[in-house]
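Input: a single structure, listed below in structure tokens.
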Amino acid sequence: MLADLHCHSTWSDGSCTPEMLVRLALRKKLSYLALTDHDTMQGVIPCRKAAEGTALTVIPGVECTTKDAETGRSVHVLCYAPKKPDVLDDLMRTTSERRRAAKIGMMEKLEKLYPDVRVEDAEALSENSASMFESHVMTALANAGVTNQPFGPLLKSLIGKHGSCYVPIQYPDTLETIALMHRAGGFVVIAHPGQFDSMALTRRLAREKMIDGIECRHYRNDENVTKECLALCARYDLAVTGGSDFHGANSVSPHSLACCHISGKEVDVFLRRLDNF
């Protein structure tokens, strides 16, 4: 059994529709695929519908962006199969609205730099998404002929955190978000702790039994981070998870669905603990 427990669709910042993700997953011979769009679960129903009658099981999920109050760093938290997903609705809607407002602010700054670019361009590209993302902003620039590499160096210099047109987004507190996910009856996992240097927080959350698993297998976790994450899971009896964090074409570094995954016993443990999804 193979499972990719982290991927994104056009409902957030992925380039593939939920239906295309299912087709790719079947080509990869995955048994399980979790759709974990950013701060929305709107793609889960079409994804599950596309997988009906196939060998693929779709696990509902969401990836919420949060902020660690102690360090000020971003922390991504995955929530799988919440039994009461409506408990997360206000959180997801608020974050999505703040993200859209910030991206519109970035587009307004970009209009002043590039006369052929308009806010409405990114709005049109994001009309079938739960919010507006970097992918919509940069594709708007590419469509106007500003660049043919929307995920190249220009992204960082314009709308990266230190970019000239960047507008910050207020994200919810990490611990409060985790508590809300538990109230929703979800299975809570810290995503790619190596990406934002979240190992100190991950150790604390594992020790205090505030999470159910750690995303050990992820391309942004280096060898040392992966090793420590696996050790934490063994020590505190947490589930080992993993996924490709697949965004399709909307990625700085190209990688395929299921390039990172879990298999065998790790899938068994995850499914046993993910009760009645």
Side-chain angles (χ1 to χ4, degrees), residues 4-22 24-25 33-44 46-47 60-67 74-79 88 91-107 110 119 121-143 147 149-156 158-161 163 165-172 191-192 195-196 215 218-220 243-260:
D4 186 335
L5 302 179
H6 192 163
C7 72
H8 300 274
S9 78
T10 48
W11 279 101
S12 62
D13 57 347
S15 66
C16 295
T17 63
E19 293 80 7
M20 184 62 195
L21 286 174
V22 169
L24 289 172
L33 178 75
L35 182 61
T36 53
D37 276 318
H38 293 287
D39 303 291
T40 182
M41 296 186 71
Q42 293 183 71
V44 169
C47 196
V62 62
E63 182 178 25
C64 290
T65 304
T66 72
K67 184 177 182 179
S74 293
V75 180
H76 289 191
V77 187
L78 293 157
C79 180
L88 301 175
L91 173 75
M92 295 188 293
R93 181 170 53 253
T94 298
T95 300
S96 294
E97 289 173 351
R98 289 173 178 172
R99 179 180 282 118
R100 182 176 292 277
K103 294 300 187 291
I104 288 174
M106 295 182 204
M107 284 296 298
L110 289 166
V119 172
D121 302 337
E123 288 177 328
L125 289 165
S126 65
E127 64 181 358
N128 293 318
S129 171
S131 188
M132 187 183 292
F133 292 85
E134 288 180 347
S135 55
H136 303 122
V137 172
M138 294 308 299
T139 300
L141 292 183
N143 287 345
T147 180
Q149 294 181 312
F151 296 93
L154 193 63
L155 186 155
K156 185 176 181 180
L158 290 176
I159 62 171
K161 287 192 175 181
C165 297
Y166 179 71
V167 175
I169 303 169
Q170 180 185 353
Y171 289 115
H192 43 66
Q195 180 174 359
F196 301 117
E215 189 175 47
H218 188 280
Y219 72 96
R220 291 188 183 273
S244 61
D245 204 349
F246 184 68
H247 287 74
N250 296 343
S251 180
V252 174
S253 59
H255 55 279
S256 65
L257 188 71
C259 66
C260 291

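Values below: all heavy atoms of this structure, side chains included; hydrogens, waters and symmetry mates excluded. Owing to the predicted nature of the structure, the values given are computational and were not obtained by experimental measurement. For this chain, numbers begin at 1 and follow the sequence in order.
For the 3.5 Å distance criterion, the side chains of S9 and D37 qualify, holding a donor opposite an acceptor.
When side chains are defined from C-beta on, T65 does not count as touching I169, because their heavy atoms never get closer than 4.5 Å. Between V22 and C47, some side-chain heavy-atom pair lies under the 4.5 Å cut-off. Using a 4.5 Å cut-off on side-chain heavy atoms (C-beta onward), N143 and L125 make contact. Side-chain atoms of F151 and S251, non-hydrogen and from C-beta on, never get closer than 4.5 Å to each other. Counting heavy atoms from C-beta outward, H247 and H255 have side chains that stay 4.5 Å or more apart. When side chains are defined from C-beta on, S126 does not count as touching K103, because their heavy atoms never get closer than 4.5 Å.
Under the side-chain hydrogen bond (donor to acceptor under 3.5 Å, both in side chains) test applied with H76, the options H6, E63, Q195, H38 reduce to a single match, E63.
We find the NE2-OG distance between H136 and S12 to be 8.5 Å, quoted to the nearest 0.5 Å.
Evaluation of the salt bridge (Lys or Arg N to Asp or Glu O under 4.0 Å) rule for D13 yields no partner, not counting sequence neighbours. Residues satisfying the side chain to side chain contact (heavy atoms under 4.5 Å, CB included) test with C79, not counting sequence neighbours, are V62, P82, L88, M181. Contacts of R220 classified as salt bridge (Lys or Arg N to Asp or Glu O under 4.0 Å), with partners at least two apart in sequence or in another chain: none.
Of the possible polar contacts, none joining the H8 side chain to the L35 backbone as a donor-acceptor pair under 3.5 Å is found.
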Q: Check the pair S244, D4 against side chain to side chain donor-acceptor pair (under 3.5 Å), reporting the backbone distance first and the verdict last.
A: CA-CA 6 Å; S244 61; D4 186 335; 2.6 Å; yes

